[in-house]
There are 2 protein chains.
Amino acid sequence: MNKREQADPRPRYRQVADELTAQLRAGVWPVGAMLPTETELCATFAVSRHTVREALRLLEESGLVQRRQGSGTTVLALATPDRFVQDITDMAELLQYPQETRLTVLRARTFEADAETAAQIGCGEGEAWVRVEAIRRLRVTTAPLCFTTLLIRAEYAEALDDIGVLPGPLYALIERRYGVQAALIEVDIAASNVPPHQAELLEVEPGTPALLIRRRYLDGQGRVYEISEGAHPAPRFTYRATLKRIPELP
Amino acid sequence: MNKREQADPRPRYRQVADELTAQLRAGVWPVGAMLPTETELCATFAVSRHTVREALRLLEESGLVQRRQGSGTTVLALATPDRFVQDITDMAELLQYPQETRLTVLRARTFEADAETAAQIGCGEGEAWVRVEAIRRLRVTTAPLCFTTLLIRAEYAEALDDIGVLPGPLYALIERRYGVQAALIEVDIAASNVPPHQAELLEVEPGTPALLIRRRYLDGQGRVYEISEGAHPAPRFTYRATLKRIPELP
DNA sequence: TAGTGGTCTAGACCACTGA
DNA sequence: CAGTGGTCTAGACCACTAC
């Protein structure tokens with residue numbers, strides 16, 4: 001039993017994981033049911049607890065089961081669904097602006113969110129926010145890249161002073177100053193026309209199609225603390241993402 | 001040494017991982033250098049090899065180090081960079097069309113890629129492909145959602161017969177018939193105007209802004225085998241993504 | 001061939017869950 | 001309280017890498 005006698009090149013924990021995956025797929029346990037305990041699985045497969053735990057770790061990483069100390073291992077799914085991820089490692093990659101861009105603030109104004117604005121933002125009524133309008137340009141050429149509207153909680157307003165002084169996107173400046181980290185970023189992308197009052201600033205004809213990119217930044221408590229909305233005239237900007245498939249278990 | 005005598009609630013392997021992370025950040029080892037061997041780390045931290053390995057697993061999952069059997073553990077980075085992921089679990093989520101849509105094929109035609117087309121597609125010159133033009137509609141209402149142009153390798157053309165018969169996006173039909181899995185999907189999103197010849201079909205005025213979504217599907221060998229290009233008239237469709245921060249180690 | 005990380009065992013105690 | 005998964009030890013052999 002010690003050596004790998006059979007011609008199976010897979011490690012034992014992998015064999016156990018594959019067997020369990022197959023049994024899950026076969027419907028041995030329904031979703032929500034409890035898997036046998038680790039000790040029981042040790043007996044079933046005649047392996048040590050360590051090996052069983054390595055196998056369960058694989059199942060857990062695939063999202064098939066959930067383990068909870070004290071209560072046991074529950075079935076989350078019978079088979080690994082198709083999964084894709086977009087993995088963004090670089091902050092610049094997230095915003096997808098070339099490094100050589102500069103944001104010029106046009107206006108900044110504090111306001112209190114009325115009912116309608118609060119609903120739009122997803123914040124409480126009466127909260128103090130700052131609205132900033134700005135233009136993003138390439139440093140070299142003159143054509144503006146986009147017209148940006150930023151909304152940030154008034155309590156973080158001083159981070160605005162760092163725009164143009166320190167590099168990086170606003171959310172990074174806020175993190176630097178206040179320690180608030182974006183835990184979640186919601187991105188909405190839509191098409192629209194360049195609004196009339198922005199057309200001149202963007203140096204395009206009114207009615208030019210534009211890519212609207214709206215990002216909502218949420219902190220660890222799920223509270224929205226920044227919203228950025230950029231209007232990018234049609235030919236100047238393309239949003240690009242690469243999605244990788246997460247390989248299935250077997 | 002057995003019990004957790006100090007008031008440190010972290011498990012030992014976590015303490016070891018955090019200490020190593022701090023040392024990495026402090027520059028004890030440069031990028032590319034070898035970490036001490038697991039046995040050495042056991043002695044340094046006075047823990048068992050299992051504990052060291054759990055700690056190294058954490059470092060590896062954070063992308064700080066790389067482990068290779070036989071050669072050792074090398075430093076990949078001194079600190080975990082900001083990382084965000086978009087995690088797409090549902091296939092429908094990937095395409096973001098509501099379930100109740102139907103694709104109606106207007107035209108389908110086989111062609112050979114000339115030099116220009118081959119360069120655009122990213123395929124070899126002279127290869128046989130099929131171009132399909134189609135309209136996606138909600139089943140209930142009448143307003144078309146988008147005008148779609150599909151390009152697929154001619155060898156997978158029979159998957160087109162399943163459109164409207166089997167549910168799911170084309171790439172899933174191809175996978176079902178031929179076993180080809182998308183390993184990578186590249187998504188480009190841009191703004192444009194609805195082309196004149198599509199305006200009538202989409203039931204919008206010519207010149208209406210549209211969201212162009214172009215997806216390139218690559219198989220495991222990095223070969224493009226399908227491209228879909230959808231033109232979505234402005235108010236009818238918004239692309240939405242949610243990015244989660246990957247928590248740092250400490 | 002020496003040394004690395006990968007796998008595996010047997011056994012122990014702990015922290016947490018739920019009856 | 002009994003039983004679960006979480007952590008940890010001591011020790012072993014194996015597969016792989018590099019010299």
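Order of the sequence lines fixes the chain letters, A, B, ..., with proteins taken first and strands second; residue numbering starts at 1 for each chain. Heavy atoms only: backbone and side chains are in, while hydrogens, waters and symmetry mates are out. Just so it is clear, the structure is predicted and the values come from calculations on it, not from any experiment.
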Checklist entry - What orientation do A:Y156 and A:Y178 show, parallel under 30°, tilted 30 to 60°, or perpendicular over 60°? => result tilted
Next on the checklist: Quiz question: going by heavy-atom distance under 3.5 Å, is there a donor-acceptor pair between the base of C:dG6 and the side chain of B:Q69?
Outcome noted: no
Item to check | Short side-chain N/O contact to C:dG6 OP1/OP2 from B:R67, under 4.0 Å | outcome: yes
Checklist entry - Given atom CZ of B:R57 and atom C1' of C:dG5, what is their separation to the nearest angstrom? => result 13 Å
Next on the checklist: Need one value for B:R68: base, sugar-phosphate or nothing, where a base atom within 4.0 Å counts as base even if backbone is also close, heavy atoms only.
Outcome noted: sugar-phosphate
Next on the checklist: Closest-nucleotide mapping onto DNA chain C: is B:G72 or A:S71 further toward the 5' terminus? I mean the 5' end.
Outcome noted: B:G72
Item to check | Length of the CZ-P vector between A:R49 and C:dC14, whole Å | outcome: 14 Å
Checklist outcome for this item: Atom CZ of B:R10 and atom C1' of C:dA15 are separated, to the nearest Å, by 18 Å
Checklist outcome for this item: Testing D:dA18, C:dG5, D:dC8 for proximity to the side chain of B:E38, the answer is C:dG5
Checklist entry - Between B:R14 (CZ) and C:dA15 (C1'), how many Å, whole number? => result 17 Å
Checklist entry - Between C:dA10 atom P and A:R53 atom CZ, what is the distance in whole Å? => result 17 Å
Checklist entry - Quick one: do the A:D114 and A:T117 side chains pair a donor with an acceptor below 3.5 Å? => result yes
Item to check | Nucleotide nearest B:T37 when distance is taken to its side chain, options C:dT4, D:dT9, D:dA12 | outcome: C:dT4
Item to check | Identified stems (criterion: three or more consecutive Watson-Crick or G-U pairs, under 3.5 Å), DNA chain D | outcome: C:1-18 with D:1-18
Item to check | Side chains of B:T101 and B:R136, donor plus acceptor under 3.5 Å | outcome: yes
Next on the checklist: Under 3.5 Å, is there a donor on one side chain and an acceptor on the other for B:Q23 and B:E19?
Outcome noted: yes
Checklist entry - What is the ring orientation for A:Y171 with B:F84, classed by angle as parallel under 30°, tilted 30 to 60°, or perpendicular over 60°? => result perpendicular
Next on the checklist: How close do A:I189 and B:L211 get, counting heavy atoms only, and between which atoms?
Outcome noted: O-CD2, 3.6 Å
Item to check | For atom CG of A:L58 and atom P of C:dG6, their distance in whole Å | outcome: 14 Å
Next on the checklist: Over all strands shown, is A:T73 touching base, sugar-phosphate only, or nothing at heavy-atom distances under 4.0 angstrom?
Outcome noted: sugar-phosphate
Checklist outcome for this item: Rounded to whole Å, CZ of A:R12 lies from C1' of C:dC8 at a distance of 8 Å
Next on the checklist: If I take atom NE2 in residue B:H50 and atom C1' in nucleotide D:dA12, what distance separates them, rounded to the nearest angstrom?
Outcome noted: 16 Å
Next on the checklist: Measuring only between side-chain heavy atoms, which start at C-beta, is A:E125 closer than 4.5 Å to A:E127?
Outcome noted: no
